[in-house]
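What follows is a short report on a single structure.
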Amino acid sequence: MGIVGDSLERAGQAHSTRPIPKSAGAQMRYLVKQHKGSTKQVAALLGVSQRTVERYVKDQIKQPKAQLADRMAAEVRRRWQPLVRKRARAQAAKQTGLMVETRARFGFTAAPGSTDDGRMRRITQHLPPELAGRLLSAHDAGATEADLQRLAAEGLQEAYFQDGGRRAQGLLVEFTDIDYIDIAY
């Protein structure tokens with residue numbers, strides 16, 4: 001994915017009511033259950049043999065190599081409690097909004113003679129529900145990273161740089177370089 005898409009995924013994974021399975025066997029059994037009992041599909045997903053998946057399911061192997069452990073944990077986190085995550089996303093889009101923290105270079109298009117040259121800024125800003133809803137729905141629809149960055153920049157333009165419409169109206173803000181972005185809801 002990309003920096004904004006990954007941040008939205010991490011924000012969604014933070015919402016769960018139960019911890020993810022800890023042991024390799026429990027994680028593998030969960031993945032097999034999610035794939036309707038198909039150890040072949042899980043093996044293809046993780047890049048291991050079908051027999052290896054079966055051995056983890058039966059607890060014949062208990063300690064995966066670091067790369068496999070990371071892939072298993074990531075796949076379990078991605079699929080863990082989808083209804084809880086969906087409910088949290090809906091609440092962010094309709095009621096609470098998003099908290100965005102970023103360190104990025106923002107470029108401006110403004111009136112001639114403006115002193116708002118692009119520079120690195122660290123911004124922590126609450127995006128209201130309507131702006132958050134646009135960003136989340138675009139992510140759900142499979143928008144590209146460039147589109148997600150554009151929507152995040154538009155949200156920051158509206159909420160931070162224009163202060164909800166109380167400041168400079170002719171301003172067009174865009175990310176020209178992002179160090180990091182962290183999104184929470």
Side-chain angles (χ1 to χ4, degrees), residues 1-21 27 30-31 33-36 41 45 70-110 116 118-185:
M1 197 160 278
I3 193 165
V4 177
D6 289 345
S7 185
L8 286 168
E9 287 294 323
R10 281 192 311 274
Q13 291 169 1
H15 292 276
S16 62
T17 56
R18 295 178 300 154
I20 67 169
Q27 288 180 352
Y30 176 77
L31 288 173
K33 183 178 177 185
Q34 290 297 304
H35 286 88
K36 298 179 175 62
Q41 287 180 350
L45 176 73
D70 292 342
R71 284 194 310 263
M72 282 188 338
E75 291 299 327
V76 170
R77 264 193 306 278
R78 213 167 57 100
R79 291 169 172 75
W80 190 248
Q81 293 189 317
L83 296 178
V84 172
R85 287 199 323 253
K86 183 178 178 182
R87 190 170 37 244
R89 286 172 80 87
Q91 182 176 4
K94 293 182 177 135
Q95 296 173 346
T96 60
L98 296 174
M99 184 60 75
V100 176
E101 179 180 335
T102 186
R103 182 168 182 270
R105 180 174 309 278
F106 290 93
F108 299 93
T109 304
D116 288 333
R119 65 181 187 267
M120 291 300 278
R121 295 174 188 251
R122 182 167 184 215
I123 297 173
T124 302
Q125 180 65 42
H126 176 263
L127 295 184
E130 53 275 0
L131 298 173
R134 287 189 358 222
L135 184 61
L136 290 170
S137 62
H139 181 257
D140 289 343
T144 65
E145 179 64 18
D147 290 338
L148 293 176
Q149 284 185 14
R150 183 183 49 75
L151 285 170
E154 286 175 8
L156 288 172
Q157 171 184 329
E158 173 71 23
Y160 180 80
F161 292 101
Q162 293 179 344
D163 194 22
R166 289 187 285 272
R167 286 197 245 162
Q169 293 299 313
L171 192 63
L172 175 63
V173 176
E174 60 185 348
F175 288 116
T176 55
D177 184 26
I178 302 176
D179 277 354
Y180 76 92
I181 189 165
D182 189 30
I183 299 174
Y185 54 86

Task: Working for salt bridge (Lys or Arg N to Asp or Glu O under 4.0 Å), residues R150 and E154 - done: CA-CA 6 Å; R150 183 183 49 75; E154 286 175 8; 3.0 Å; yes
TODO: Of all the heavy-atom pairs spanning A184 and A11, show the shortest one and how long it is.
DONE: CA-CB, 4.2 Å
Open item on the list: With rounding to the nearest 0.5 angstrom, report the CD to OG1 distance, Q81 to T17.
Closed with: 3.5 Å
Task: Exercise: identify the closest heavy-atom pair between I20 and Q27 - done: CD1-NE2, 4.3 Å
Task: Straight-line distance of E75 CD to R77 CZ, nearest 0.5 Å - done: 10.0 Å
- [ ] Would you name the heavy atoms of R10 and I181 that are closest together and state the gap between them?
- [x] NH2-O, 3.6 Å
Task: Atom pair CG (L45) and NE2 (H35), whose distance is rounded to the nearest 0.5 Å - done: 5.0 Å
Open item on the list: The criterion is ring pair (Phe, Tyr, Trp, His ring centres under 6.0 Å); which residues satisfy it with H15, sequence neighbours excluded?
Closed with: Y185
TODO: Any chance you could lay out the side-chain contact (heavy atoms from CB on, under 4.5 Å) test for V100 and I123, step after step, and finish with the verdict?
DONE: CA-CA 8 Å; V100 176; I123 297 173; over 6 Å; no
- [ ] Could you tell me whether a side-chain N or O of E145 sits under 3.5 Å from a main-chain N or O of G5, the two making a donor and an acceptor?
- [x] yes
Open item on the list: Given 3.5 Å as the limit, does a donor-acceptor pair link the side chain of R85 with the main chain of R78, or not?
Closed with: yes
Task: Electrostatic pair E130:R134 at N-O distance under 4.0 angstrom - done: no
Task: Close side-chain approach of K33 to R79, heavy-atom, < 4.5 Å - done: no
TODO: Grab the two heavy atoms, one from E9 and one from H139, that are nearest each other, plus how far apart they are.
DONE: OE2-CE1, 2.9 Å
Open item on the list: Using 0.5 Å steps for rounding, measure from the CG atom of L156 to the CG atom of L151.
Closed with: 11.0 Å
- [ ] For Q91 and T96, indicate whether the former's side chain and the latter's backbone hold a donor-acceptor pair under 3.5 Å.
- [x] no
Task: Pairwise distance CG(L135) to CD1(I183) - rounded to 0.5 angstrom - done: 5.5 Å
Task: Contacts of type side-chain hydrogen bond (donor to acceptor under 3.5 Å, both in side chains), residue R18, not counting sequence neighbours - done: none
Open item on the list: So which atom in A93 and which in G133 form the shortest heavy-atom distance, rounded to 0.1 Å?
Closed with: CB-CA, 3.7 Å
Open item on the list: Can you list everything that forms a salt bridge (charged side-chain N to carboxylate O under 4.0 Å, His left out) with E101? Sequence neighbours excluded, please.
Closed with: R122
Open item on the list: As an exercise, state the distance from OG1 of T144 to CD of Q149, rounded to the nearest 0.5 Å.
Closed with: 9.0 Å
Task: Residue pair S16 / V84: nearest heavy atoms and the distance that separates them - done: CA-CG1, 4.1 Å
